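One structure below.
Throughout, protein chains are lettered first and strands after them, A, B, ... in sequence-line order, and every chain is numbered starting at 1. No experiment lies behind these values; they were computed from the predicted model shown.
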Amino acid sequence: MAFALATWNVNSIRVRQDQVLAWLEEHQPDVLALQELKAPSEAFPYEAFRALGYEAAVSGQATYNGVAILSRHPLEAISPDMPGYADTQKRVLAVTVAGIRVVCVYIPNGASLDSDKYTYKLEWLEQFMGYAESILEAYPQTVILGDYNIAPSDADVHDPKAWQGQVLVSEPERAYFKRLLDLGFSDAFRSLSGDLKAYSWWDYRMNAFKRDLGLRIDHILVSAAVMEKARTCFIDKLPRGLERPSDHTPVILELELG
DNA sequence: ATGCCGCCCGTAGGGCGA
């Protein structure tokens, strides 16, 4: 049975609702993880998605952050936030779908290396290491997908020299990403697509999308048991070219479940 | 150059994203 999971930072679910609905109709993934809802849970358009056959688990918040998971299959064991970490920002949501633990993440941006937000990002990532390890122990089949706000290597950066040492590519951030790989997770896109240069985010400014000045910061990390079933992972650039787009575009992973 | 663009809140323009 083919089974597809996707992730998309929509930068406001209110503004992007119609684009997400149209994209779901076309691609019909089994699961879609959303980040940056920028709206409280009660403002989430549950009914519009239900009409397309999708259930939703939502952890929203006014103005900033907010994550959700849409699924064509029953959602079980819905769990927002990281246990034991008092974070006021809604950035994590876990569910179980078809026997797979699916974790939607919106990792902090960090602003710049001298910012308090960067300190928060590194503290948050330290907490997330323990969380990811505990999930993997409890669920051999795990997928952690979302906006990581980390470009893991220079192959994920349009101009590595210009970006050198900056937030999203700094050594401490990349070290945390590598720790996830060391836990046993695979970067599905990199594992299945070789050294292909492809981006999932382009700045709104400076015609960055038209000039393909992007970063690959949205990722689908999978446990070994899921990696065995992974067939293709690709980035759908099309939504980034729509009118009034998100600055991110979807990443899709296709599995073949036994 | 600390802005470029877009969204939120709220109804002007600052905070924030990446």
_Between dT2(B) and dC7(B), how far apart are the two P atoms, rounded to whole Å?_
25 Å

*Please state how far atom CG in Leu213(A) lies from atom C1' in dC5(B), giving the value in whole angstrom units.*
14 Å

_Would you measure the distance from the P atom in dG6(B) across to the matching atom in dG10(B) and give it in whole Å?_
23 Å

*Gln28(A) atom CD, neighbour heavy-atom count above 12 within 6.0 Å*: yes

*List in chain and number order the residues that pass salt bridge (charged side-chain N to carboxylate O under 4.0 Å, His left out) with Arg14(A), two or more places apart in sequence or in another chain; answer none if no residue qualifies.*
none

_Quick test of your reading: applying ring pair (Phe, Tyr, Trp, His ring centres under 6.0 Å), list the pairs with at least one residue in residues 224-243 of chain A, sequence neighbours left out, ordered by first then second residue._
none

*Inter- and intrachain pairs under side-chain hydrogen bond (donor to acceptor under 3.5 Å, both in side chains), touching residues 182-192 of chain A, at least two apart*: Asp156(A)-Arg190(A), Lys178(A)-Asp182(A), Asp187(A)-Arg216(A)

*Under-4.0 Å side-chain N/O to phosphate OP1/OP2 contact, Ser246(A) with dG6(B)*: no

*Can you give one letter per nucleotide of nucleotides 11-18 of chain B, going 5' to 3': B for a protein heavy atom under 4.0 Å from the base, S for sugar-phosphate only, - for none?*
----BSBB

_When the P atoms of dG13(B) and dA1(B) are compared, how many Å lie between them, rounded to an integer?_
27 Å

*Rounded to whole angstrom, note down the P distance from dC8(B) over to dA18(B).*
14 Å

Distance-only donor-acceptor pairs under 3.5 Å for side chains of residues 100-108 of chain A, two or more places apart:
| from | atom 1 | to | atom 2 | distance (Å) |
| --- | --- | --- | --- | --- |
| Arg101(A) | NH1 | Ala77(A) | O | 2.8 |
| Arg101(A) | NH1 | Thr96(A) | OG1 | 2.8 |
| Arg101(A) | NH2 | Ala77(A) | O | 3.2 |
| Tyr106(A) | OH | Glu36(A) | OE1 | 3.4 |
| Tyr106(A) | OH | Glu36(A) | OE2 | 3.4 |

Do any side-chain atoms of residues 165-175 of chain A form donor-acceptor pairs under 3.5 angstrom with protein atoms, and if so which ones, sequence neighbours left out?
| from | atom 1 | to | atom 2 | distance (Å) |
| --- | --- | --- | --- | --- |
| Gln166(A) | NE2 | Ala162(A) | O | 2.8 |
| Ser170(A) | OG | Tyr118(A) | OH | 2.8 |
| Ser170(A) | OG | Glu173(A) | OE2 | 2.5 |
| Glu173(A) | OE1 | Lys121(A) | NZ | 2.5 |
| Glu173(A) | OE1 | Leu168(A) | N | 2.9 |
| Glu173(A) | OE2 | Leu168(A) | N | 3.1 |
| Arg174(A) | NE | Ala151(A) | O | 2.8 |
| Arg174(A) | NE | Pro152(A) | O | 3.3 |
| Arg174(A) | NE | Val169(A) | O | 3.3 |
| Arg174(A) | NH1 | Asp154(A) | OD1 | 3.1 |
| Arg174(A) | NH2 | Ala151(A) | O | 3.3 |
| Arg174(A) | NH2 | Ser153(A) | O | 3.2 |
| Arg174(A) | NH2 | Asp154(A) | OD1 | 3.2 |

*Phosphate OP1/OP2 of dC7(B): any Arg16(A) side-chain N/O under 4.0 Å*: yes

*Could you work out the separation of dG14(B) and dC4(B) based on their P atoms and round it to a whole Å?*
12 Å

